[in-house]
Protein chains: 2
Amino acid sequence: MKKTSPVAPPSRGPSDHDVRTQIVEAATEHFGHYGYEKTTVSDLAKTIGFSKAYIYKFFDSKQAIGEVICANRLSMIMQGVDEALSEAPTASERLRRMFGALVEGGTTLFFHERKLYDIAAAAASGPWPSVRTYEDQIRKLVAQVILEGRESGEFERKTPLDETTNAIYLVMRPYVDPLLLQYNLDLATEATGQLSSLILRSLAP
Amino acid sequence: MKKTSPVAPPSRGPSDHDVRTQIVEAATEHFGHYGYEKTTVSDLAKTIGFSKAYIYKFFDSKQAIGEVICANRLSMIMQGVDEALSEAPTASERLRRMFGALVEGGTTLFFHERKLYDIAAAAASGPWPSVRTYEDQIRKLVAQVILEGRESGEFERKTPLDETTNAIYLVMRPYVDPLLLQYNLDLATEATGQLSSLILRSLAP
(Lines give C-alpha, C1' and ligand atoms only; values in the text may rest on other atoms or scores of the structure.)
Protein backbone atom coordinates (compact mmCIF):
# COMPACT_ATOMS: atom_id res chain seq x y z
CA MET A 1 0.00 0.00 0.00
CA LYS A 2 1.22 3.45 -0.87
CA LYS A 3 1.19 6.20 1.70
CA THR A 4 -1.28 8.91 0.68
CA SER A 5 -0.52 11.56 3.29
CA PRO A 6 0.60 14.76 1.50
CA VAL A 7 3.17 15.61 4.20
CA ALA A 8 4.97 12.25 4.04
CA PRO A 9 8.35 12.34 2.28
CA PRO A 10 8.58 10.50 -1.06
CA SER A 11 8.91 6.82 -0.23
CA ARG A 12 9.21 3.59 -2.16
CA GLY A 13 6.63 2.27 0.28
CA PRO A 14 6.25 -1.11 1.91
CA SER A 15 6.32 -3.10 -1.32
CA ASP A 16 9.90 -1.92 -1.93
CA HIS A 17 10.72 -2.95 1.61
CA ASP A 18 9.30 -6.39 0.85
CA VAL A 19 11.35 -6.70 -2.31
CA ARG A 20 14.50 -5.82 -0.39
CA THR A 21 13.68 -8.45 2.21
CA GLN A 22 12.99 -10.98 -0.52
CA ILE A 23 16.35 -10.26 -2.17
CA VAL A 24 18.22 -10.49 1.15
CA GLU A 25 16.51 -13.77 2.05
CA ALA A 26 17.24 -15.32 -1.33
CA ALA A 27 20.82 -14.04 -1.21
CA THR A 28 21.34 -15.45 2.30
CA GLU A 29 20.26 -18.87 1.05
CA HIS A 30 22.28 -18.62 -2.16
CA PHE A 31 25.47 -17.37 -0.48
CA GLY A 32 24.99 -20.05 2.19
CA HIS A 33 25.04 -22.67 -0.56
CA TYR A 34 27.60 -21.41 -3.05
CA GLY A 35 29.62 -18.92 -1.02
CA TYR A 36 29.68 -15.13 -1.14
CA GLU A 37 32.86 -14.72 -3.16
CA LYS A 38 31.78 -17.11 -5.91
CA THR A 39 28.31 -15.67 -6.40
CA THR A 40 27.65 -12.76 -8.78
CA VAL A 41 24.62 -10.47 -8.84
CA SER A 42 23.67 -12.16 -12.14
CA ASP A 43 23.59 -15.55 -10.38
CA LEU A 44 21.38 -14.09 -7.70
CA ALA A 45 19.06 -12.47 -10.23
CA LYS A 46 18.64 -15.77 -12.06
CA THR A 47 17.84 -17.63 -8.85
CA ILE A 48 15.23 -15.16 -7.70
CA GLY A 49 13.80 -14.69 -11.17
CA PHE A 50 14.49 -10.93 -11.20
CA SER A 51 16.50 -9.02 -13.77
CA LYS A 52 19.93 -7.88 -12.70
CA ALA A 53 18.84 -4.27 -13.32
CA TYR A 54 15.89 -4.74 -10.96
CA ILE A 55 18.18 -5.92 -8.16
CA TYR A 56 20.45 -2.91 -8.73
CA LYS A 57 17.38 -0.73 -8.20
CA PHE A 58 17.46 -1.87 -4.57
CA PHE A 59 21.13 -2.52 -3.87
CA ASP A 60 24.16 -0.71 -5.30
CA SER A 61 26.35 -3.81 -5.31
CA LYS A 62 26.76 -7.36 -4.12
CA GLN A 63 28.56 -5.94 -1.08
CA ALA A 64 25.49 -3.86 -0.21
CA ILE A 65 23.47 -7.09 -0.03
CA GLY A 66 26.26 -8.82 1.91
CA GLU A 67 26.26 -5.87 4.33
CA VAL A 68 22.60 -6.41 5.19
CA ILE A 69 23.11 -10.14 5.70
CA CYS A 70 26.18 -9.50 7.84
CA ALA A 71 24.37 -6.87 9.91
CA ASN A 72 21.48 -9.32 10.43
CA ARG A 73 23.83 -12.05 11.63
CA LEU A 74 25.75 -9.75 13.95
CA SER A 75 22.56 -8.40 15.43
CA MET A 76 21.42 -11.99 16.11
CA ILE A 77 24.68 -12.51 18.03
CA MET A 78 24.05 -9.33 20.05
CA GLN A 79 20.52 -10.53 20.84
CA GLY A 80 22.03 -13.74 22.20
CA VAL A 81 24.38 -11.64 24.34
CA ASP A 82 21.51 -9.55 25.71
CA GLU A 83 19.62 -12.70 26.64
CA ALA A 84 22.69 -14.21 28.31
CA LEU A 85 23.16 -11.05 30.39
CA SER A 86 19.56 -10.48 31.39
CA GLU A 87 19.60 -12.63 34.50
CA ALA A 88 23.26 -12.42 35.52
CA PRO A 89 23.40 -11.50 39.22
CA THR A 90 26.74 -9.64 39.28
CA ALA A 91 28.95 -7.58 36.99
CA SER A 92 31.59 -10.33 37.09
CA GLU A 93 29.05 -12.86 35.94
CA ARG A 94 27.80 -10.46 33.25
CA LEU A 95 31.30 -10.06 31.90
CA ARG A 96 31.87 -13.81 31.84
CA ARG A 97 28.53 -14.50 30.12
CA MET A 98 29.04 -11.69 27.65
CA PHE A 99 32.34 -13.13 26.45
CA GLY A 100 30.89 -16.64 26.31
CA ALA A 101 27.80 -15.58 24.37
CA LEU A 102 29.83 -13.57 21.85
CA VAL A 103 32.08 -16.54 21.12
CA GLU A 104 29.20 -19.00 21.02
CA GLY A 105 27.18 -16.75 18.73
CA GLY A 106 30.10 -16.15 16.38
CA THR A 107 30.98 -19.82 16.24
CA THR A 108 27.42 -20.96 15.63
CA LEU A 109 26.33 -18.35 13.14
CA PHE A 110 29.45 -18.24 11.06
CA PHE A 111 30.94 -21.68 11.35
CA HIS A 112 27.95 -23.93 11.29
CA GLU A 113 27.13 -22.16 8.05
CA ARG A 114 30.60 -22.29 6.59
CA LYS A 115 29.73 -20.70 3.27
CA LEU A 116 28.23 -17.67 4.92
CA TYR A 117 31.50 -17.20 6.74
CA ASP A 118 32.87 -15.77 3.49
CA ILE A 119 30.75 -12.74 4.17
CA ALA A 120 31.99 -12.33 7.69
CA ALA A 121 35.61 -12.55 6.61
CA ALA A 122 35.10 -10.08 3.76
CA ALA A 123 33.23 -7.79 6.12
CA ALA A 124 35.90 -7.88 8.82
CA SER A 125 38.84 -7.35 6.51
CA GLY A 126 37.28 -4.15 5.12
CA PRO A 127 35.96 -3.54 7.68
CA TRP A 128 32.38 -2.94 6.60
CA PRO A 129 30.20 -0.53 8.60
CA SER A 130 28.23 -3.47 10.05
CA VAL A 131 31.40 -4.86 11.63
CA ARG A 132 32.44 -1.43 12.95
CA THR A 133 29.02 -1.06 14.54
CA TYR A 134 29.35 -4.51 16.07
CA GLU A 135 32.76 -3.66 17.55
CA ASP A 136 31.36 -0.42 18.96
CA GLN A 137 28.47 -2.26 20.55
CA ILE A 138 30.86 -4.72 22.19
CA ARG A 139 33.11 -1.93 23.48
CA LYS A 140 30.12 -0.05 24.90
CA LEU A 141 28.83 -3.17 26.58
CA VAL A 142 32.26 -3.84 28.11
CA ALA A 143 32.40 -0.24 29.41
CA GLN A 144 28.89 -0.51 30.83
CA VAL A 145 29.61 -3.76 32.68
CA ILE A 146 32.84 -2.30 34.10
CA LEU A 147 30.95 0.77 35.33
CA GLU A 148 28.35 -1.44 37.00
CA GLY A 149 31.09 -3.44 38.69
CA ARG A 150 32.80 -0.25 39.87
CA GLU A 151 29.56 1.04 41.33
CA SER A 152 28.79 -2.21 43.11
CA GLY A 153 32.36 -2.37 44.47
CA GLU A 154 33.22 -5.56 42.59
CA PHE A 155 35.87 -3.88 40.41
CA GLU A 156 38.82 -1.57 41.06
CA ARG A 157 38.42 2.12 40.16
CA LYS A 158 42.00 3.30 39.75
CA THR A 159 42.59 2.48 36.08
CA PRO A 160 41.06 4.96 33.61
CA LEU A 161 37.81 3.50 32.25
CA ASP A 162 38.94 3.93 28.63
CA GLU A 163 42.13 2.01 29.21
CA THR A 164 40.45 -0.88 31.02
CA THR A 165 37.72 -1.08 28.39
CA ASN A 166 40.16 -1.08 25.51
CA ALA A 167 42.49 -3.64 27.08
CA ILE A 168 39.58 -6.00 27.80
CA TYR A 169 38.30 -5.54 24.27
CA LEU A 170 41.77 -6.45 22.99
CA VAL A 171 41.75 -9.65 25.04
CA MET A 172 38.35 -10.61 23.59
CA ARG A 173 39.06 -9.46 20.03
CA PRO A 174 40.72 -12.64 18.66
CA TYR A 175 37.57 -14.55 19.57
CA VAL A 176 34.86 -12.04 18.67
CA ASP A 177 36.23 -10.47 15.49
CA PRO A 178 34.72 -12.48 12.60
CA LEU A 179 38.02 -12.46 10.69
CA LEU A 180 40.16 -13.60 13.60
CA LEU A 181 37.82 -16.19 15.11
CA GLN A 182 38.60 -18.65 12.31
CA TYR A 183 42.21 -18.91 13.51
CA ASN A 184 41.21 -19.39 17.10
CA LEU A 185 38.25 -21.77 16.82
CA ASP A 186 39.99 -24.80 18.34
CA LEU A 187 40.92 -22.82 21.40
CA ALA A 188 37.81 -20.68 21.66
CA THR A 189 35.81 -22.44 24.38
CA GLU A 190 38.75 -23.15 26.69
CA ALA A 191 40.22 -19.71 26.05
CA THR A 192 36.98 -17.90 26.83
CA GLY A 193 36.86 -19.38 30.33
CA GLN A 194 40.54 -18.82 31.14
CA LEU A 195 40.63 -15.32 29.70
CA SER A 196 37.45 -14.32 31.54
CA SER A 197 39.10 -15.39 34.78
CA LEU A 198 42.24 -13.42 33.93
CA ILE A 199 40.16 -10.34 33.08
CA LEU A 200 38.26 -10.63 36.38
CA ARG A 201 41.55 -10.95 38.32
CA SER A 202 42.73 -7.77 36.57
CA LEU A 203 39.54 -6.01 37.70
CA ALA A 204 39.79 -7.03 41.36
CA PRO A 205 39.72 -4.02 43.72
CA MET B 1 88.41 -33.36 7.39
CA LYS B 2 87.18 -36.87 8.10
CA LYS B 3 87.28 -38.26 11.59
CA THR B 4 89.60 -41.22 11.76
CA SER B 5 88.86 -42.47 15.28
CA PRO B 6 87.54 -46.04 15.06
CA VAL B 7 85.04 -45.51 17.94
CA ALA B 8 83.38 -42.42 16.45
CA PRO B 9 79.97 -43.05 14.85
CA PRO B 10 79.82 -42.67 11.07
CA SER B 11 79.59 -38.95 10.34
CA ARG B 12 79.34 -36.79 7.24
CA GLY B 13 81.87 -34.53 8.93
CA PRO B 14 82.25 -30.78 8.93
CA SER B 15 82.21 -30.41 5.17
CA ASP B 16 78.64 -31.74 5.10
CA HIS B 17 77.79 -29.24 7.81
CA ASP B 18 79.23 -26.50 5.63
CA VAL B 19 77.18 -27.60 2.65
CA ARG B 20 74.01 -27.55 4.74
CA THR B 21 74.83 -24.04 5.91
CA GLN B 22 75.54 -22.99 2.34
CA ILE B 23 72.18 -24.35 1.17
CA VAL B 24 70.30 -22.68 4.04
CA GLU B 25 71.98 -19.34 3.41
CA ALA B 26 71.27 -19.44 -0.31
CA ALA B 27 67.68 -20.55 0.35
CA THR B 28 67.15 -17.74 2.87
CA GLU B 29 68.24 -15.23 0.25
CA HIS B 30 66.24 -16.87 -2.53
CA PHE B 31 63.05 -17.25 -0.49
CA GLY B 32 63.49 -13.68 0.72
CA HIS B 33 63.46 -12.55 -2.89
CA TYR B 34 60.91 -14.77 -4.59
CA GLY B 35 58.88 -16.11 -1.67
CA TYR B 36 58.83 -19.56 -0.10
CA GLU B 37 55.66 -20.83 -1.76
CA LYS B 38 56.76 -19.90 -5.27
CA THR B 39 60.24 -21.39 -5.05
CA THR B 40 60.93 -25.04 -5.91
CA VAL B 41 63.95 -27.11 -4.93
CA SER B 42 64.93 -27.05 -8.64
CA ASP B 43 64.98 -23.23 -8.55
CA LEU B 44 67.17 -23.37 -5.49
CA ALA B 45 69.51 -25.93 -7.03
CA LYS B 46 69.93 -23.77 -10.14
CA THR B 47 70.71 -20.68 -8.07
CA ILE B 48 73.32 -22.39 -5.92
CA GLY B 49 74.78 -24.33 -8.83
CA PHE B 50 74.11 -27.73 -7.21
CA SER B 51 72.11 -30.57 -8.69
CA LYS B 52 68.66 -31.15 -7.23
CA ALA B 53 69.76 -34.65 -6.19
CA TYR B 54 72.68 -33.17 -4.27
CA ILE B 55 70.38 -30.89 -2.30
CA TYR B 56 68.11 -33.85 -1.50
CA LYS B 57 71.16 -35.57 -0.04
CA PHE B 58 71.09 -32.93 2.71
CA PHE B 59 67.41 -32.06 3.04
CA ASP B 60 64.39 -34.32 2.52
CA SER B 61 62.18 -31.54 1.17
CA LYS B 62 61.76 -27.84 0.66
CA GLN B 63 59.95 -27.77 4.00
CA ALA B 64 63.01 -29.25 5.72
CA ILE B 65 65.04 -26.26 4.45
CA GLY B 66 62.24 -23.88 5.44
CA GLU B 67 62.21 -25.44 8.89
CA VAL B 68 65.87 -24.58 9.46
CA ILE B 69 65.36 -21.01 8.25
CA CYS B 70 62.29 -20.64 10.44
CA ALA B 71 64.08 -22.08 13.47
CA ASN B 72 66.98 -19.65 12.87
CA ARG B 73 64.61 -16.65 12.73
CA LEU B 74 62.69 -17.73 15.81
CA SER B 75 65.88 -18.28 17.73
CA MET B 76 67.01 -14.76 16.78
CA ILE B 77 63.75 -13.46 18.28
CA MET B 78 64.36 -15.41 21.49
CA GLN B 79 67.90 -13.99 21.67
CA GLY B 80 66.39 -10.52 21.48
CA VAL B 81 64.03 -11.46 24.32
CA ASP B 82 66.90 -12.73 26.46
CA GLU B 83 68.80 -9.48 25.92
CA ALA B 84 65.73 -7.41 26.76
CA LEU B 85 65.24 -9.33 30.00
CA SER B 86 68.85 -9.40 31.16
CA GLU B 87 68.79 -6.10 33.01
CA ALA B 88 65.14 -5.86 34.02
CA PRO B 89 65.00 -5.05 37.74
CA THR B 90 61.65 -6.69 38.61
CA ALA B 91 59.45 -9.56 37.45
CA SER B 92 56.82 -7.03 36.33
CA GLU B 93 59.35 -5.28 34.18
CA ARG B 94 60.60 -8.61 32.85
CA LEU B 95 57.10 -9.56 31.79
CA ARG B 96 56.55 -6.22 30.08
CA ARG B 97 59.88 -6.35 28.25
CA MET B 98 59.38 -9.97 27.25
CA PHE B 99 56.07 -9.20 25.54
CA GLY B 100 57.52 -6.11 23.88
CA ALA B 101 60.61 -7.90 22.61
CA LEU B 102 58.58 -10.82 21.22
CA VAL B 103 56.34 -8.48 19.26
CA GLU B 104 59.21 -6.32 18.08
CA GLY B 105 61.23 -9.36 17.03
CA GLY B 106 58.33 -10.91 15.16
CA THR B 107 57.45 -7.68 13.42
CA THR B 108 61.01 -6.93 12.38
CA LEU B 109 62.10 -10.35 11.30
CA PHE B 110 59.00 -11.39 9.46
CA PHE B 111 57.50 -8.18 8.21
CA HIS B 112 60.49 -6.18 7.18
CA GLU B 113 61.33 -9.19 5.05
CA ARG B 114 57.86 -9.72 3.66
CA LYS B 115 58.74 -12.60 1.40
CA LEU B 116 60.23 -14.60 4.22
CA TYR B 117 56.97 -14.21 6.06
CA ASP B 118 55.60 -16.94 3.77
CA ILE B 119 57.72 -19.37 5.71
CA ALA B 120 56.46 -18.19 9.05
CA ALA B 121 52.84 -18.47 7.97
CA ALA B 122 53.36 -21.93 6.50
CA ALA B 123 55.23 -22.95 9.64
CA ALA B 124 52.56 -21.67 12.01
CA SER B 125 49.62 -23.18 10.17
CA GLY B 126 51.18 -26.66 10.32
CA PRO B 127 52.49 -26.11 12.90
CA TRP B 128 56.09 -27.10 12.19
CA PRO B 129 58.26 -28.37 15.06
CA SER B 130 60.22 -25.09 15.09
CA VAL B 131 57.04 -23.15 15.88
CA ARG B 132 55.99 -25.64 18.57
CA THR B 133 59.41 -25.29 20.17
CA TYR B 134 59.07 -21.50 20.03
CA GLU B 135 55.67 -21.62 21.73
CA ASP B 136 57.05 -23.92 24.41
CA GLN B 137 59.95 -21.55 25.03
CA ILE B 138 57.55 -18.62 25.42
CA ARG B 139 55.30 -20.57 27.80
CA LYS B 140 58.30 -21.63 29.89
CA LEU B 141 59.58 -18.09 30.04
CA VAL B 142 56.16 -16.82 31.12
CA ALA B 143 56.00 -19.47 33.86
CA GLN B 144 59.52 -18.60 35.02
CA VAL B 145 58.80 -14.87 35.27
CA ILE B 146 55.56 -15.57 37.18
CA LEU B 147 57.44 -17.78 39.64
CA GLU B 148 60.06 -15.06 40.16
CA GLY B 149 57.31 -12.52 40.81
CA ARG B 150 55.60 -14.86 43.26
CA GLU B 151 58.84 -15.40 45.13
CA SER B 152 59.59 -11.69 45.34
CA GLY B 153 56.04 -10.95 46.48
CA GLU B 154 55.18 -8.91 43.38
CA PHE B 155 52.53 -11.37 42.14
CA GLU B 156 49.58 -13.17 43.75
CA ARG B 157 49.97 -16.87 44.56
CA LYS B 158 46.39 -18.14 44.72
CA THR B 159 45.80 -18.99 41.05
CA PRO B 160 47.34 -22.31 39.93
CA LEU B 161 50.58 -21.59 38.06
CA ASP B 162 49.46 -23.57 35.00
CA GLU B 163 46.27 -21.58 34.67
CA THR B 164 47.96 -18.19 35.02
CA THR B 165 50.69 -19.17 32.59
CA ASN B 166 48.26 -20.43 29.99
CA ALA B 167 45.92 -17.45 30.27
CA ILE B 168 48.83 -15.01 29.88
CA TYR B 169 50.12 -16.97 26.92
CA LEU B 170 46.65 -16.73 25.36
CA VAL B 171 46.67 -12.95 25.80
CA MET B 172 50.07 -12.73 24.08
CA ARG B 173 49.36 -15.33 21.37
CA PRO B 174 47.70 -13.06 18.75
CA TYR B 175 50.88 -10.95 18.74
CA VAL B 176 53.57 -13.60 19.04
CA ASP B 177 52.21 -16.41 16.85
CA PRO B 178 53.72 -15.87 13.40
CA LEU B 179 50.43 -16.73 11.67
CA LEU B 180 48.28 -14.43 13.78
CA LEU B 181 50.62 -11.44 14.00
CA GLN B 182 49.85 -10.46 10.39
CA TYR B 183 46.22 -9.71 11.36
CA ASN B 184 47.22 -7.68 14.37
CA LEU B 185 50.17 -5.68 13.09
CA ASP B 186 48.43 -2.28 13.12
CA LEU B 187 47.51 -2.73 16.74
CA ALA B 188 50.62 -4.54 17.91
CA THR B 189 52.59 -1.75 19.59
CA GLU B 190 49.66 -0.11 21.36
CA ALA B 191 48.19 -3.49 22.27
CA THR B 192 51.44 -4.74 23.78
CA GLY B 193 51.53 -1.88 26.28
CA GLN B 194 47.88 -2.02 27.25
CA LEU B 195 47.79 -5.80 27.49
CA SER B 196 50.96 -5.89 29.59
CA SER B 197 49.31 -3.52 32.04
CA LEU B 198 46.17 -5.65 32.14
CA ILE B 199 48.25 -8.79 32.72
CA LEU B 200 50.14 -7.08 35.55
CA ARG B 201 46.86 -5.94 37.17
CA SER B 202 45.69 -9.57 37.00
CA LEU B 203 48.87 -10.65 38.79
CA ALA B 204 48.62 -8.13 41.62
CA PRO B 205 48.70 -9.80 45.06
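Given the structure is predicted, the values throughout are model-derived calculations rather than measurements. Lettering of chains follows the sequences in order, A, B, ..., and the numbering in each one begins at 1.
Within the 3.5 Å criterion, the main-chain N or O of B:Met78 finds no donor-acceptor partner in the side chain of B:Gln137.
No side-chain donor-acceptor contact under 3.5 Å links A:Thr165 and A:Asp162.
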Test side-chain contact (heavy atoms from CB on, under 4.5 Å) on A:Leu44 and A:Phe31; report intermediate values, then the result.
CA-CA 9 Å; A:Leu44 266 187; A:Phe31 291 156; 4.1 Å; yes

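Taking all atoms of both residues into account, the shortest heavy-atom contact from B:Trp128 to B:Gly66 is CZ3-C, 3.4 Å. In this structure, A:Tyr56 and A:Ser61 approach most closely via the heavy-atom pair CE2-CA, 4.0 Å. Among all heavy-atom pairs drawn from A:Ala88 and A:Arg94, the shortest one is CB-CG, 3.4 Å. Between B:Pro129 and B:Glu67, the shortest heavy-atom distance links the atoms CD-OE2, 2.6 Å. The nearest pair of heavy atoms linking B:Arg201 to A:Ala167 is NH2-CB, 4.4 Å.
Taken to the nearest 0.5 Å, the CZ atom of B:Arg73 stands 5.5 Å off from the CE atom of B:Met76. To the nearest 0.5 angstrom, B:Ile65 atom CD1 is 9.5 Å from B:Lys62 atom NZ. To the nearest 0.5 Å, atom CE of residue A:Met98 and atom CG of residue A:Asp82 are 10.0 Å apart.
Residues A:Arg96 and A:Ser92 are not in side-chain contact: their nearest non-hydrogen atoms beyond the backbone lie 4.5 Å or more apart.
Chain A is approached within less than 4.5 Å, heavy atom to heavy atom, by no residue from residues 138-153 of chain B. Of all residues in residues 187-200 of chain B, those placing a non-hydrogen atom less than 4.5 angstrom from a non-hydrogen atom of chain A are B:Leu187, B:Glu190, B:Ala191, B:Gln194, B:Leu195, B:Ser197, B:Leu198. Contacts between residues 45-52 of chain B and chain A, counted as heavy-atom pairs separated by less than 4.5 Å, involve no residue at all.
Between chain A and the options B:Asn184, B:Thr164, B:Leu203, heavy-atom pairs under 4.5 Å are most frequent for B:Asn184.
Judged as a ring-ring contact (aromatic ring centres under 6.0 Å, His included), the pairs with a partner in residues 160-194 of chain A (not counting sequence neighbours) are, in order, A:Tyr183-B:Tyr183.
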